[in-house]
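Notes to accompany the following structure.
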Amino acid sequence: MARIGVVSISDGRHHVHARNADFIQSKQDGLVRALRDAGHEVVVGDDLVATNALATSVAREVAAADVDVTVFYYAVWSFPHFTMLAADATRSPLVLVASTDPTEPGLVGMLAAGGALDQIGRRHTRAWGAPDDAALVEKIGVQATASAAVKSLRGSTFGRFGGRPMGMNTAVANTDQWMRKFGIDVEEIDQYELVLRADKADAGEARKAREWIEQHAAGVHYDGKKLTPDLLERQLRSYLAIRDIIAERNLDFSGIKAQPELTENFATMDVTEAFLNDPYDWNGPKETHVCATEADMDGALTMQLFKAISGKPVLFADVRHYHADRDIWDLCNSGQHATWYAARSDDPAENLAKVNFYPEVFFFPAGGASVQHIAAPGEMTLGRLTREDGEYRLQLMLGEFESYDDATNKALVDQSTPEWPHAFARLDAPGELFLSKFGANHIHAIPGDHRETLRAVASQLDVRLDEWTRG
């Protein structure tokens with residue numbers, strides 16, 4: 001949940017404010033109570049704003065609490081210049097909220113204030129309703145959650161292991177643009193650091209991890225060549241190594257190039273990436289660490305936002321194939337899906353029971369295990385931050401992951417790469433539109449419908465929203 005500031009704006013005439021103060025206070029108390037009941041932390045201004053001096057001082061006090069959004073509340077007619085002064089004293093996103101009690105002109109106050117903010121180009125969102133209106137509380141919460149996600153980017157560090165993979169332009173972003181627009185620094189780390197650290201990682205811990213996987217997975221399919229216990233432990237030591245680097249360099253999220261250097265000379269990073277994105281490993285629950293395969297910067301950025309909004313692991317996948325006869329997309333990539341998606345359970349054993357570790361395929365001569373499963377069914381929000389002519393846009397859609405009987409699942413996966421993970425997605429976007437306009441080969445997903453929050457994220461980041469539906 002988010003931290004929400006509440007400042008109530010009043011009439012500047014002393015005698016009118018004196019008459020209205022109890023009414024304003026009762027409405028504000030009701031709104032604050034409803035927001036807190038919804039789980040939010042609420043910071044309330046220490047006075048009702050009825051003078052220009054209070055407009056500045058109360059707003060500054062609330063802003064000092066580092067709120068995610070500031071609600072300016074209008075229960076009565078309110079002098080618009082109080083809003084202008086208060087807005088200048090805070091840098092958080094603004095939500096103007098009007099009481100709809102017809103006994104007082106709260107809507108009039110909000111519209112006058114909103115129009116004044118429009119004239120100076122100060123962005124804001126407007127909402128209205130009774131203080132305990134669930135829809136109103138939800139709308140404020142959406143703005144606050146979006147703001148918290150956007151704010152979480154600022155001051156963060158992305159760890160980029162390796163450079164551009166296989167000439168993939170969409171995997172590389174402008175570091176100056178990232179700092180200017182998102183407040184994110186990029187730490188460049190050579191993949192050789194990972195190799196050196198993996199060789200020195202705790203062999204006993206890697207063995208423990210391998211035995212845990214062997215105990216809980218649907219299968220670990222050793223073939224004596226591309227996948228051996230030693231190769232799997234090398235991948236697990238890579239996970240231990242990158243965990244150490246993340247801690248030492250205070251990395252908030254990361255990406256690993258892998259191809260071709262590691263995949264041809266060391267091992268694939270599939271196991272490493274999967275468990276970084278998982279909410280657990282063999283030592284129990286842990287925080288997910290967003291890690292994008294192929295060091296995909298905008299992919300990792302999308303995943304970090306999705307994680308902040310949902311609190312769940314985020315799917316990373318290639319858009320592999322469109323089964324036009326079923327209107328189903330096969331979202332599949334080289335073994336990197338978090339194992340959590342196999343069943344989306346809090347119990348890792350339940351997820352791993354649906355996960356197979358297969359020898360890597362011909363693309364990757366160094367070998368290692370791929371992490372194979374079929375994503376559990378359910379509603380999903382899918383999308384990605386992409387760039388057009390240097391400017392960011394959020395391409396967004398709703399979808400549904402589907403799963404079928406064993407024979408159908410096998411027939412579908414056998415058409416592409418059966419050793420890799422698959423998510424069969426029915427997208428709320430026409431296939432022709434998607435293939436004509438989607439700006440990358442990688443796509444990302446989180447469970448549930450988070451489109452409203454992501455619309456707010458796009459607005460707060462000042463990026464274009466391309467939202468696709470079949471309508």
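For D449, the side-chain hydrogen bond (donor to acceptor under 3.5 Å, both in side chains) criterion is met by R451, not counting sequence neighbours. The ring pair (Phe, Tyr, Trp, His ring centres under 6.0 Å) test applied to F23 returns no partner, not counting sequence neighbours. Residues forming a ring pair (Phe, Tyr, Trp, His ring centres under 6.0 Å) with Y280 (at least two apart in sequence, or on another chain): none. Legend: residues meeting ring pair (Phe, Tyr, Trp, His ring centres under 6.0 Å) with F161, ordered by chain and number and at least two apart, are absent. Remark: A38 engages H40, V137 in a side-chain contact (heavy atoms from CB on, under 4.5 Å) (not counting sequence neighbours). Partners of Y239 by ring pair (Phe, Tyr, Trp, His ring centres under 6.0 Å), not counting sequence neighbours, listed by chain and number: W282. With sequence neighbours left out, the side-chain hydrogen bond (donor to acceptor under 3.5 Å, both in side chains) criterion links D466 to R464. Remark: D46 pairs with no residue by the side-chain hydrogen bond (donor to acceptor under 3.5 Å, both in side chains) rule, at least two apart or across chains.
Legend: salt bridge (charged side-chain N to carboxylate O under 4.0 Å, His left out) pairs involving residues 271-285, not counting sequence neighbours, sorted by first then second residue: R243-D281. Evaluation of the side-chain hydrogen bond (donor to acceptor under 3.5 Å, both in side chains) test over residues 143-152, restricted to residues two or more places apart or in two chains, returns D66-K151, D68-K151, T125-Q143, Q143-Q460. Annotation: side-chain hydrogen bond (donor to acceptor under 3.5 Å, both in side chains) contacts involving residues 1-20, sequence neighbours excluded, comprise R3-E41, S8-Q28, S10-H17, D11-R13, R19-E104. Each salt bridge (charged side-chain N to carboxylate O under 4.0 Å, His left out) pair with one or both residues in residues 75-94, not counting sequence neighbours, would appear here, but there are none.
Not one N or O on the side chain of S370 forms a donor-acceptor pair closer than 3.5 Å with the backbone of Q372. Remark: the backbone N or O of A130 is not paired with any side-chain donor or acceptor of D101 at under 3.5 angstrom. Distance alone, capped at 3.5 Å, places no donor-acceptor pair between the S156 side chain and the I184 backbone. Using a distance-only test at 3.5 Å, with no hydrogens or angles considered, no donor-acceptor pair links the side chain of T288 to the main chain of P313. Using a distance-only test at 3.5 Å, with no hydrogens or angles considered, a donor-acceptor pair links the side chain of H124 to the main chain of R122.
No hydrogens or angles considered: a donor-acceptor pair under 3.5 Å links the side chains of T386 and R393. A donor-acceptor pair shorter than 3.5 Å cannot be found between the side chains of E187 and T157. No side-chain donor-acceptor contact under 3.5 Å links S238 and T272. If you check the side chains of D298 and Y392, you find a donor sitting under 3.5 Å from an acceptor.
Two rings, from F306 and H444, have their centers 6.0 Å or more apart.
Looking at I242 and L194, their side chains come closer than 4.5 Å, going by heavy atoms from C-beta outward. At a threshold of 4.5 Å between non-hydrogen side-chain atoms, the residues R384 and H442 count as touching.
A cation-pi contact links R326 to Y404, judged by a cut-off of 6.0 Å to the six-membered ring centre and 45° from its axis. Geometrically, K139 engages W128 in a cation-pi contact, judged by NZ or CZ lying under 6.0 Å from the ring centre and within 45° of the ring axis.
Closest heavy-atom contact between Q304 and D252: NE2-O, 3.6 Å.
Relative orientation of the F158 and F253 rings is tilted, given thresholds of 30° and 60° on the angle between their planes. A tilted orientation is assigned to the rings of H81 and F79, their planes being inclined by 30° to 60°.
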**OP:** Evaluate the side chain to side chain contact (heavy atoms under 4.5 Å, CB included) criterion for residues Y74 and V97: first the C-alpha distance (whole Å), next the side-chain angles of each, then the deciding distance (0.1 Å), finally the verdict.
**Re:** CA-CA 6 Å; Y74 305 88; V97 176; 5.8 Å; no

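To the nearest 0.5 Å, atoms CZ (R197) and CD1 (I189) are separated by 9.5 Å.
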